[in-house]
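Everything on this sheet refers to the single structure shown next.
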Amino acid sequence: MKKFTGPLALGSLLAGVAAWGIADTQAVNAQGFYKGKTIKMVVRSAPGGGYDFYGRLLARHMAKYIPGNPNMIVINMPGAGGIVAANYMASRAKKNGTEIAILTRELALAQRTKEIGVRYDLEKLSALGSAASSTFLVVLGKNQPIRTYQQLKDSKKTVLFGATGPGSGSYQYPSLLKKDGFNVKIITGIIGGSARFLAIERGDTHGTANSYESTRKAIKELGLIPIFYNGAPHKALPVPHMSTLLSKEGKQLAALLGAPLAAGRPFYTTSGVPADRLKLLRDAFKAALHDKELLKEAKRAKRNVAWTAAGVMEKVNQEILGASDAVISAYKSGAKKVYVKHTAPVTKIKKKGKRIYFTYKGKEIKVKVSGKRTKVQVNGKKVKRKAIKIGMTCKFKFAGPGGEAKYIKCK
Amino acid sequence: MIDAAIAGLIGILQWKALLLMMVGIVISSTLVAMPGIGSKTAIALLLPIAFTLNQFEAICLIMSVWAVSNTANSITSILFSVPGGGGSQATIMDGYPMAKKGEAARALAASFTSSAIGGIIGAIVLLVAIPILRPLVLLLGPPEFFMLVMVGIAMVGALSGKAPVKGIIAGGLGLIISMVGVHIITGLHRFTFDQIFLIDGFKLIPVTIGLFAIPELIYMGVKGTGISDLPLGDLSKGRKQGIQDAFTHRWLILRSSLIGVWVGIIPGLGSAVADWFAYGSAKQTCPGARETFGKGDVRGVIAVDAATNAKEGGSLIPTLAFGIPGSSTLALIFGGLIIVGITPGRDMLTKDLHLTFSMIWLLIIGTIITSILCLTFTRQLAMATKLRPTLMIPVILVMAVIGSFAASSRFEDVLIMFAFGTIGYFMRAGGWPRPPLLLGLVLGPIAERHMWTSVQLHGVDFLWRPGVLIIFALLVVCVAYPMFQDRNSKLRAQETES
Amino acid sequence: MSLRFQPRSLLTVAFILLFSYIVVESSEMPIQAKMYPYTIGIIALLLLAYQLVREILPAAKTETDKTGVDIDFTAEESSKQGKRRALELFAWMYGFALLLWLIGFYTAAPLMVLAYMLRHKETLVVTIALPLGTGIATWYIFGHLLHLPFPPGVLLEWAGLV
């Protein structure tokens, strides 16, 4: 027996330490983990603005629902429309549940369309839930004779929409309408909802698309007329959903644009967080969003609060990631020109062949013919644009009414 | 209206509101004086407190930060040639040379005093404009904005001094640099090489710090003496001189303030433009300025600081008229004010007129208090220019890094700052003027965007609109006036000779 | 006629290369994106050509270093000693940048200040006080109060210390 006492003692000592270690880890698990720790709340944009508000709102109220009452600090990490913050959370952030973030709602979309700079993968992020759902609204100025969605669709006059630029929400919505045949023209370079409202007020443009939260004031102040919405319905908006007057492809694209709005203010943490800690965070998140103080503050600041579960968020993301190639290319072409093909007889010619008129969708439209860029063929033979005569039936490929023709093939 | 004015004044003179005003002023002055930390950060820090306040108190706390930020951010510009925030770059041009000549106290005092007066003028213009706010804001559209920016670009000539060719090229370089990033009109990525930090483009603050502060640092190291190698002289006298200077040049302050207010009314132009416009215009119009500006002419400091403070009053105009914040900082402020039930818009001119007045009063009172506060410490601040370079260089280097990083929390900005530091040094060595580069960087995107929007709206004919033509006439006058002055003085010189 | 090559013409040439690249790169872009860079590039190249010619030809008036508006280069700085000191300062700058990348801001800043004090043989009090002060001030104001998210430093990350 004597031979074994040494190793036995050592063994029991080790076992004791191990047991104590495991017991300690158990205690440290979830419940005790956050005591004395600091949780970083990363915000995807600069101070001020919607995402920052919700990030700070949660940072103020979530800690008390986490056992151990950790300290929560806010860190702004703007850049590339939220991609910088997302990349950070997917790679460099600590993966133990001490770093959470409010990221851009277009996260899944940016990944699916392979936006430049995307280095994150939604697989590497764990959803916590969303703090609000968003509604996107299309409004027109009060001086327009158009008051309803149907009137917009039937409008003979070209309706001008002010937008920031390709890729932005204010551009995507009128672009979708245009693709579906609405008589719409987009004026780019007007940055910010405020500037766009001012443009409507000035008479430069007729309407714009913007988030409901940012538009609510302008509706009251400037008498803007809401026409339709996308995303979450709002009881103060008696307007139809965007998809009601769209074609099948249009409906798909509207659904794609609207999907991120359901989880309008999404919160994530990193991958690799132990399951019980993740559950703790999610529960704290949910509790915080039902906290009386938080709701009071949000109400004072006129921001809506609506808790969406992590599971719902993940489902939405999966849907977006699984969107068909056709829809995605339709979405992406909201960022560049899309061409229409149409065959019709030529009705008018002006400016020595530089403008060709024909009937398209019941209206007479014109296309521009460039000497250099437009390929013109008659009976299969390459000719100059002068060769086109009224009455010839031609196949046109062009970028919409008034745009430049890529080719004109006549017989 | 008078009773609203009185009610507004009484509201902010409550002791708790006054106390919060002081708190806001002190916090803002200290934070904003540090490079890279702008008023936005200070406001974001104070917003949570707003939840517990009443309306007047919230206005006092939050808006005091905003009202004073343009005063305090000149401190590091004058002392170290490190810009303290968006609106204080042009201050470096004459403020820093003054510091080098041992006139730091005078420069600081002149800066603080003209800031106060400019802020007051801005508030007064706002007051006067209240009845005509709406048509005023609607008057200008993208075509007019574009031509206004062209006036700014024409000032490149003014800022190029004796090397106009190099100045124009430097301006072109600034314009090109401003185009790196996503093109707003087409969505195209220009010159980004698929790097994320380039997608957002070059930010103004790191470029400015690099272009101006770093070469100065090197100069200090080469020279071996502190920022000022001349004896400081009597600091109290210098301070008094600076205050007097501001009052001596009151017409300059008035002119510059009006320029500042105009820039404020046009949403999107921002502080960085106000200071260069005022500087360029002062250079064009002040007698003898073409020779002395850039070498420590106090008028260069006065014009700039009056304009940047007056701009604040101006930017409230579209905010009050339409509820459309005149700047991103104002958007942040009103985000905070909404919490206490203050919504910008038509109500501010009718139901809540007294609150509007309290904001105007706050602008006036807050700016005065800040200036007095800063003036009190002017002597101590000025002494920093006598410190040994061995102490200053590493500290300024650290400040430069913080300033560049804090703007957007990107490490790449620090590298950009160092890169431009190198470029700035070689530009100095080769006699290439640097201010036109900054001007190009600031005005490039604005010019391009407004041009294309105008073309989309009106076709190329936008150039013939009456507003555009009037502004173009202004541009011609701006460019021709100094040449006219030159010819006149030459003629006069000939006359005296004969 | 002998041409005069000055070192400062290197900068002019560098600008020519830069603007040439801009012109070439933007020629591929659609008209709306292309117009500004392309036009500015062409104008700049023309002016640069003129500038270069003026710098090279000995017949042209001596190129003034003085711009009259910007803070001008002094005789001190153009001297050999001036250039050497400038080079040393550049070394400090880029060294600091490297240090920042390696060990993060809150460690690199006081360290750099300390190194600078040692290099210039400052008094003991200052050599301790300034780096310490810098470290504490930056950590407290920018780290603790403002939570500026400085990257922690590659080496420290690799060593698992952060």
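Numbers restart at 1 for each chain; the letters A, B, ... are given by sequence-line order, proteins then strands. Owing to the predicted nature of the structure, the values given are computational and were not obtained by experimental measurement.
When the heavy atoms of residues 453-464 of chain B are compared with those of chain A, the residues falling under 4.5 Å are B/Thr453, B/Gln456, B/Leu457, B/His458, listed by number.
No more than 12 heavy atoms of other residues, nucleotides or ligands lie within 6.0 Å of NZ in A/Lys124, so this atom counts as exposed by the packing criterion. For B/Lys203, the NZ atom sits in a packed shell: over 12 heavy atoms of surrounding residues, nucleotides or ligands are nearer than 6.0 Å.
With chain B as the partner, the residue from A/Ile191, A/Thr164, A/Leu160 showing the most heavy-atom pairs under 4.5 Å is A/Ile191.
For A/Lys185, the part sitting under 4.5 Å from any heavy atom of chain B is the side chain, from C-beta outward, and nothing else. With a 4.5 Å cut-off on non-hydrogen atoms, A/Ile186 touches chain B through its backbone but not through its side chain. Using a 4.5 Å cut-off between heavy atoms, B/Ile185 contacts chain A through both its backbone and its side chain.
Under the 4.5 Å side-chain criterion, counting only non-hydrogen atoms from C-beta, A/Pro166 is not in contact with B/His183.
The CD1 atom of A/Ile116 sits 10.0 Å away from atom CD1 of B/Ile196, with the distance rounded to the nearest 0.5 Å.
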